There are 2 protein chains.
Amino acid sequence: MQYLLKYSETMNHEAIFKDRLRAAGERFTTPRLGIFRLLYRQGPLSMPKLIDRAGSEGIDSVTVYRTVELFRRLDFIQEVGLGRQRLLELSDDYEAHHHHLVCGQCGRIIDFDSAAIEAELQRVSRAQGFQLRTHQLEATGLCRQCAATAATA
Amino acid sequence: MQYLLKYSETMNHEAIFKDRLRAAGERFTTPRLGIFRLLYRQGPLSMPKLIDRAGSEGIDSVTVYRTVELFRRLDFIQEVGLGRQRLLELSDDYEAHHHHLVCGQCGRIIDFDSAAIEAELQRVSRAQGFQLRTHQLEATGLCRQCAATAATA
DNA sequence: AATGATATGAAAATAGTTTGCACATGCAGT
DNA sequence: ACTGCATGTGCAAACTATTTTCATATCATT
Ligand SMILES: [Zn+2]
Ligand SMILES: [Zn+2]
Ligand SMILES: [Zn+2]
Ligand SMILES: [Zn+2]
């Protein structure tokens with residue numbers, strides 16, 4: 001079986017990916033790199049979409065399941081639950097930490113980050129004796145455009 | 001078919017539930033009340049668990065799927081994505097608004113709320129022209145007990 | 001109580017996920 | 001670079017979860 005991967009111009013994050021994989025005693029394989037690239041390039045993806053994209057690169061769905069499980073175990077990815085669907089996204093080590101405002105009308109996703117929220121979460125965790133590792137914050141509502149449309153309608 | 005529901009001492013939230021259902025032009029039925037009660041009493045439940053509990057009250061799994069779909073549509077419930085699993089929880093109208101610290105070791109869930117986070121989220125939304133409706137924040141890490149165990153191990 | 005509209009349960013159909021196994025591949029040691 | 005072995009991969013099949021279909025039961029209204 002031949003994989004259809006092309007080598008990208010920037011090797012940086014992929015080198016980090018490889019190192020982290022090896023450091024965990026896991027093998028660096030072509031399908032794993034392929035799935036990593038999809039997540040890196042295509043942003044948050046649902047499982048069905050990821051399986052579909054991977055499929056068109058010759059990667060079997062079973063391998064996607066197993067790789068996602070591996071990535072999750074190694075904290076390479078995190079799952080964000082937007083409404084009813086769960087999306088997979090590279091964790092903060094690869095993607096700058098941020099949160100989401102999701103428009104329930106058009107599906108648009110606005111990224112944001114807030115130092116105030118981060119600090120407050122740290123404070124709350126400390127107060128509870130909780131050793132914070134990761135977190136996600138998602139808000140749903142209407143984006144500027146859809147809110148305007150809804151107002152005139 | 002006989003339902004095994006017993007009437008609870010506090011009728012308050014159930015009356016509200018009934019009213020909200022009727023106001024939306026939906027029927028108030030025994031299975032719907034049963035599922036509402038399960039969620040009210042048993043806190044956040046995964047779909048399999050909810051189906052199981054409902055099953056022991058004589059409610060079919062298909063009805064659970066349809067009812068959850070209805071409750072979601074009417075904003076009676078919200079889905080929180082704790083790690084890999086999705087849990088169903090009554091929305092803030094029934095349950096006081098709060099967020100979760102989830103221990104990745106023992107699964108313990110610590111509820112918390114923070115006025116500072118709420119205010120900041122409002123501010124960010126306003127700045128983006130985003131009309132906020134709901135939001136969820138979940139953090140993962142180690143609870144006090146598990147952190148202590150991990151430190152000594 | 002009778003009526004009409006809708007919800008429900010049971011079965012069947014689909015879709016999503018996991019498992020078992022033969023073969024392919026990554027990688028450590030030569 | 002070549003070899004050997006441990007592990008990853010794809011395929012098929014098992015299994016589980018979810019949706020659809022339809023006859024019957026239940027709800028709200030008259
Ligand atoms: Zn929008
Ligand atoms: Zn954050
Ligand atoms: Zn714990
Ligand atoms: Zn909040």
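Since we're looking at a predicted model, the values are computed, not measured. Numbered from 1 within each chain, the chains take letters A, B, ... in sequence-line order.
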Inset, instruction - Check the pair B/Phe112 / B/His98 against ring pair (Phe, Tyr, Trp, His ring centres under 6.0 Å), numbers first and verdict last. - result: CA-CA 5 Å; B/Phe112 76 92; B/His98 65 272; 8.8 Å; no
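In this structure, the side chains of B/Leu90 and B/His13 stay at 4.5 Å or more apart for every pair of heavy atoms. Between B/Ile109 and B/Leu101, the closest side-chain pair of non-hydrogen atoms is not below 4.5 Å. Here the side chains of A/Val80 and A/Arg86 are not in contact, with every heavy-atom distance at 4.5 Å or above.
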Each nucleotide N or O in nucleotides 18-21 of chain D that has a protein N or O under 3.5 Å away: list the pair and distance.
residue : atom : partner : partner atom : Å
D/dT18  : OP2  : B/Tyr65 : OH           : 2.4
D/dT18  : O5'  : B/Tyr65 : OH           : 3.1

For nucleotides 1-3 of chain C, which of its nitrogen or oxygen atoms have a protein nitrogen or oxygen under 3.5 Å away, and what is each distance?
none

Can you tabulate the close N/O pairs, meaning under 3.5 Å, that link protein atoms to atoms of nucleotides 3-7 of chain D?
residue : atom : partner : partner atom : Å
D/dA6   : N3   : A/Arg27 : NH2          : 2.7
D/dT7   : O4'  : A/Arg27 : NH2          : 3.1
D/dT7   : O2   : A/Arg27 : NH1          : 3.2

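Between the CG atom of B/Asp52 and the P atom of D/dA17 there is a distance of 11 Å, rounded to whole Å. Summarising the geometry, the separation between CD on A/Glu69 and P on C/dT18 is reported as 8 Å, rounded to the nearest angstrom. Remark: C1' of C/dA24 and CZ of A/Phe28 are 17 Å apart, rounded to the nearest angstrom. Residue A/Glu57 contributes atom CD, which lies 12 Å from atom P of D/dG10 at whole-angstrom precision. Rounded to whole Å, the distance from NZ on B/Lys49 to P on D/dT16 is 16 Å. Going from atom CD1 of A/Ile59 over to atom C1' of D/dG10 covers 12 Å, rounded to whole Å. D/dA17 atom P lies 15 Å from atom CG of B/Asp60, rounded to whole Å. In this structure, B/Lys18 atom NZ and D/dA28 atom C1' are separated by 10 Å, rounded to whole Å.
Closest approach of A/Leu137 and B/Leu121 over heavy atoms only: CD2-CD1, 4.3 Å. Between A/Gly34 and A/Ile59 the shortest heavy-atom distance is CA-CD1, 4.3 Å. In this structure, A/Ala127 and B/Arg144 approach most closely via the heavy-atom pair O-NH2, 3.9 Å.
B/Arg53 and B/Gln42 form a side-chain donor-acceptor contact under 3.5 Å, judged by distance and modelled atom types alone. Side chains of A/His99 and B/His135: no donor on one and acceptor on the other come within 3.5 Å.
Checked against the 6.0 Å centroid criterion, the rings of A/Phe71 and A/Phe17 qualify as a close aromatic pair.
Ranking C/dT8, D/dG10, D/dT9 by closeness to the B/Thr29 side chain, first place goes to C/dT8.
Checked by atom type and distance alone, the side chain of B/Arg72 never pairs as donor or acceptor with a backbone atom of B/Gln78 at under 3.5 Å.
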